[in-house]
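Only this structure's heavy atoms are used, side chains among them; waters, hydrogens and symmetry mates stay out.
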Amino acid sequence: MGRLFAISLEGNIYSCKHCKTHLALVDDILSKSFHSRHGKAYLFHNVVNVTLGEKEERIMITGLHTVADIFCVSCGSMVGWRYEAAQEKSQKYKEGKFILESRFQILGPDGSNYSIALEAQIGGSDADDA
(Lines give C-alpha, C1' and ligand atoms only; values in the text may rest on other atoms or scores of the structure.)
Protein backbone atom coordinates (compact mmCIF):
# COMPACT_ATOMS: atom_id res chain seq x y z
CA MET A 1 0.00 0.00 0.00
CA GLY A 2 1.31 3.44 -0.91
CA ARG A 3 1.78 6.51 1.16
CA LEU A 4 -1.32 8.61 1.82
CA PHE A 5 -1.25 12.19 0.57
CA ALA A 6 -4.00 14.42 1.91
CA ILE A 7 -4.66 17.94 0.70
CA SER A 8 -4.48 20.62 3.39
CA LEU A 9 -6.93 23.47 2.94
CA GLU A 10 -6.41 26.99 4.22
CA GLY A 11 -9.13 29.17 5.67
CA ASN A 12 -12.45 28.16 7.17
CA ILE A 13 -12.87 24.44 6.58
CA TYR A 14 -15.08 21.45 7.27
CA SER A 15 -13.23 18.34 8.38
CA CYS A 16 -13.82 14.72 9.36
CA LYS A 17 -14.67 14.54 13.05
CA HIS A 18 -13.01 11.15 13.40
CA CYS A 19 -9.56 12.07 12.08
CA LYS A 20 -9.77 15.84 11.37
CA THR A 21 -8.81 15.41 7.70
CA HIS A 22 -9.79 18.50 5.72
CA LEU A 23 -12.82 17.96 3.46
CA ALA A 24 -14.13 21.29 2.17
CA LEU A 25 -13.90 25.06 2.35
CA VAL A 26 -16.76 27.16 3.68
CA ASP A 27 -16.51 29.16 0.44
CA ASP A 28 -17.48 26.02 -1.54
CA ILE A 29 -20.91 25.70 0.09
CA LEU A 30 -23.65 26.04 -2.50
CA SER A 31 -26.59 25.45 -0.16
CA LYS A 32 -27.22 24.92 3.54
CA SER A 33 -30.89 24.10 2.97
CA PHE A 34 -30.58 20.37 2.32
CA HIS A 35 -32.00 17.80 4.69
CA SER A 36 -31.37 14.10 4.43
CA ARG A 37 -33.22 11.31 6.17
CA HIS A 38 -30.57 11.51 8.91
CA GLY A 39 -30.58 15.26 9.43
CA LYS A 40 -28.97 18.39 8.11
CA ALA A 41 -26.81 18.29 4.99
CA TYR A 42 -24.83 20.87 2.99
CA LEU A 43 -24.32 20.92 -0.77
CA PHE A 44 -20.71 21.69 -1.79
CA HIS A 45 -19.19 22.60 -5.13
CA ASN A 46 -15.94 20.85 -4.26
CA VAL A 47 -14.75 18.33 -1.65
CA VAL A 48 -11.23 16.94 -1.19
CA ASN A 49 -9.65 13.95 0.53
CA VAL A 50 -12.50 11.57 -0.22
CA THR A 51 -12.85 8.35 -2.17
CA LEU A 52 -15.94 7.42 -4.16
CA GLY A 53 -18.00 4.32 -3.56
CA GLU A 54 -20.05 2.44 -6.12
CA LYS A 55 -22.63 4.36 -8.14
CA GLU A 56 -26.23 3.53 -7.29
CA GLU A 57 -29.66 4.89 -8.03
CA ARG A 58 -31.59 6.40 -5.13
CA ILE A 59 -35.10 7.74 -5.04
CA MET A 60 -35.05 11.03 -3.15
CA ILE A 61 -37.68 13.67 -2.46
CA THR A 62 -36.60 15.55 -5.59
CA GLY A 63 -36.62 12.47 -7.84
CA LEU A 64 -34.35 9.70 -9.02
CA HIS A 65 -30.60 10.38 -8.73
CA THR A 66 -27.47 8.36 -9.43
CA VAL A 67 -25.13 8.90 -6.49
CA ALA A 68 -21.89 7.54 -5.06
CA ASP A 69 -21.19 7.57 -1.34
CA ILE A 70 -18.00 9.39 -0.34
CA PHE A 71 -15.54 8.26 2.31
CA CYS A 72 -12.76 10.06 4.18
CA VAL A 73 -9.48 9.10 2.52
CA SER A 74 -7.67 8.97 5.88
CA CYS A 75 -9.98 6.95 8.15
CA GLY A 76 -12.56 5.51 5.74
CA SER A 77 -15.56 7.05 7.51
CA MET A 78 -18.58 7.72 5.31
CA VAL A 79 -19.06 11.48 5.10
CA GLY A 80 -21.76 11.94 2.46
CA TRP A 81 -22.33 11.39 -1.26
CA ARG A 82 -21.69 12.81 -4.72
CA TYR A 83 -24.46 13.38 -7.25
CA GLU A 84 -23.45 11.62 -10.45
CA ALA A 85 -26.66 12.13 -12.42
CA ALA A 86 -30.16 13.51 -11.96
CA GLN A 87 -33.16 12.38 -13.99
CA GLU A 88 -35.23 15.54 -13.53
CA LYS A 89 -34.17 18.53 -15.63
CA SER A 90 -34.64 20.87 -12.67
CA GLN A 91 -32.16 18.81 -10.62
CA LYS A 92 -29.29 18.71 -13.15
CA TYR A 93 -27.47 21.49 -11.24
CA LYS A 94 -26.58 18.89 -8.57
CA GLU A 95 -24.56 16.70 -10.93
CA GLY A 96 -20.91 16.54 -9.87
CA LYS A 97 -21.70 18.26 -6.55
CA PHE A 98 -21.19 16.82 -3.08
CA ILE A 99 -23.31 16.44 0.04
CA LEU A 100 -21.64 16.40 3.45
CA GLU A 101 -24.15 15.01 5.88
CA SER A 102 -24.40 15.93 9.56
CA ARG A 103 -24.93 12.37 10.79
CA PHE A 104 -21.30 11.72 9.89
CA GLN A 105 -20.27 14.38 12.41
CA ILE A 106 -18.43 16.74 10.14
CA LEU A 107 -16.57 19.44 12.07
CA GLY A 108 -17.32 23.02 11.12
CA PRO A 109 -14.87 25.92 10.86
CA ASP A 110 -15.09 26.66 14.59
CA GLY A 111 -14.47 23.01 15.52
CA SER A 112 -18.09 22.33 16.40
CA ASN A 113 -20.36 19.70 14.86
CA TYR A 114 -22.20 21.66 12.18
CA SER A 115 -25.39 19.65 12.69
CA ILE A 116 -26.00 21.63 15.89
CA ALA A 117 -26.35 24.93 14.02
CA LEU A 118 -29.94 26.12 13.60
CA GLU A 119 -29.59 27.52 10.09
CA ALA A 120 -30.95 24.54 8.12
CA GLN A 121 -34.13 24.98 6.12
CA ILE A 122 -35.93 21.66 5.87
CA GLY A 123 -38.06 22.90 2.98
CA GLY A 124 -35.20 22.60 0.45
CA SER A 125 -34.52 19.02 1.32
CA ASP A 126 -33.28 16.08 -0.70
CA ALA A 127 -33.67 13.12 1.61
CA ASP A 128 -33.94 9.52 0.54
CA ASP A 129 -37.57 8.42 0.53
CA ALA A 130 -36.76 5.04 2.05
Side-chain angles (χ1 to χ4, degrees):
M1 187 160 147
R3 185 173 173 190
L4 176 70
F5 289 97
I7 296 170
S8 291
L9 300 172
E10 293 188 23
N12 292 325
I13 60 164
Y14 286 90
S15 59
C16 176
K17 183 172 186 176
H18 302 286
C19 67
K20 305 218 178 355
T21 297
H22 295 179
L23 298 174
L25 290 169
V26 170
D27 293 342
D28 283 333
I29 294 175
L30 296 173
S31 176
K32 294 182 179 182
S33 63
F34 280 69
H35 191 82
S36 72
R37 84 175 123 179
H38 301 287
K40 186 175 177 179
Y42 288 176
L43 181 69
F44 286 84
H45 174 69
N46 190 41
V47 172
V48 297
N49 299 323
V50 295
T51 57
L52 288 172
E54 295 290 320
K55 292 180 186 178
E56 63 181 68
E57 291 189 348
R58 290 187 194 156
I59 298 174
M60 299 183 177
I61 290 172
T62 57
L64 182 64
H65 297 275
T66 303
V67 299
D69 289 333
I70 56 174
F71 303 88
C72 175
V73 73
S74 295
C75 71
S77 295
M78 186 173 174
V79 293
W81 69 84
R82 178 183 164 161
Y83 286 102
E84 299 293 333
Q87 301 302 313
E88 300 291 327
K89 185 176 180 180
S90 66
Q91 301 301 307
K92 294 286 187 184
Y93 75 95
K94 296 176 185 173
E95 293 180 348
K97 307 299 188 289
F98 299 85
I99 288 286
L100 292 181
E101 198 174 0
S102 67
R103 78 171 168 145
F104 302 115
Q105 301 176 337
I106 306 303
L107 294 177
D110 61 356
S112 66
N113 184 335
Y114 84 86
S115 66
I116 297 171
L118 299 174
E119 58 200 333
Q121 302 274 333
I122 294 175
S125 66
D126 200 6
D128 297 333
D129 282 344

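Of all non-hydrogen atoms in S74 and T21, the two that sit nearest each other are OG-OG1, 2.8 Å. L23 approaches S15 most closely through the heavy-atom pair CD1-C, 3.8 Å. Residues E101 and W81 share a closest heavy-atom pair of OE1-CZ3, 3.3 Å. A pairwise comparison of heavy atoms in I13 and V26 identifies N-CG2, 4.3 Å as the closest pair. Closest heavy-atom contact between E95 and A86: OE2-N, 2.9 Å. Taking every heavy atom of both residues into account, C75 and H18 meet most closely at SG-CB, 4.0 Å.
Taking 4.5 Å as the limit, some side-chain heavy atom of Y14 sits within range of a side-chain heavy atom of F44. Side-chain contact check for C19 versus S77: every heavy-atom pair is 4.5 Å or farther apart. Inter-residue side-chain proximity for H65 and E57 is flagged as unmet; no heavy-atom pair is nearer than 4.5 Å. Within the 4.5 Å cutoff, the side chain of M60 has heavy atoms near those of the V67 side chain.
With rounding to the nearest 0.5 angstrom, the NE2 atom of H22 is 11.0 Å from the SG atom of C72. The structure places CE of M78 at 12.5 Å from SG of C16, a figure rounded to the nearest 0.5 Å. Atom OG in S31 sits 6.5 Å away from atom OH in Y93 (nearest 0.5 Å). We find the CG-CG distance between L30 and L43 to be 5.0 Å, quoted to the nearest 0.5 Å.
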Item to complete: Would you sort out whether Y42 and I99 count as a side chain to side chain contact (heavy atoms under 4.5 Å, CB included), showing the intermediate values?
Response: CA-CA 6 Å; Y42 288 176; I99 288 286; over 6 Å; no

Item to complete: Decide side chain to side chain contact (heavy atoms under 4.5 Å, CB included) for N49 and F5; before the verdict, give the C-alpha distance in whole Å, the side-chain angles of both, and the deciding distance to 0.1 Å.
Response: CA-CA 9 Å; N49 299 323; F5 289 97; over 6 Å; no

Discussion item. For L100 and F98: C-alpha separation, side-chain torsions, deciding distance, then whether side chain to side chain contact (heavy atoms under 4.5 Å, CB included) applies.
Written reply: CA-CA 7 Å; L100 292 181; F98 299 85; 5.6 Å; no

Worksheet item: Can you list the steps and then say if V50 with V73 is a side chain to side chain contact (heavy atoms under 4.5 Å, CB included)?
Response: CA-CA 5 Å; V50 295; V73 73; 5.9 Å; no

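Checked by atom type, the side-chain pair K94/T62 shows a donor-acceptor distance below 3.5 Å.
Scanning for side chain to side chain contact (heavy atoms under 4.5 Å, CB included) contacts around L52 gives A68, I70, R82, E84, with sequence neighbours left out. Partners of E56 by side chain to side chain donor-acceptor pair (under 3.5 Å), not counting sequence neighbours, listed by chain and number: R58. Not a single side chain to side chain donor-acceptor pair (under 3.5 Å) links K55 to another residue, sequence neighbours left out.
Listed for the D28 side chain is no donor-acceptor partner under 3.5 Å among the backbone atoms of H45.
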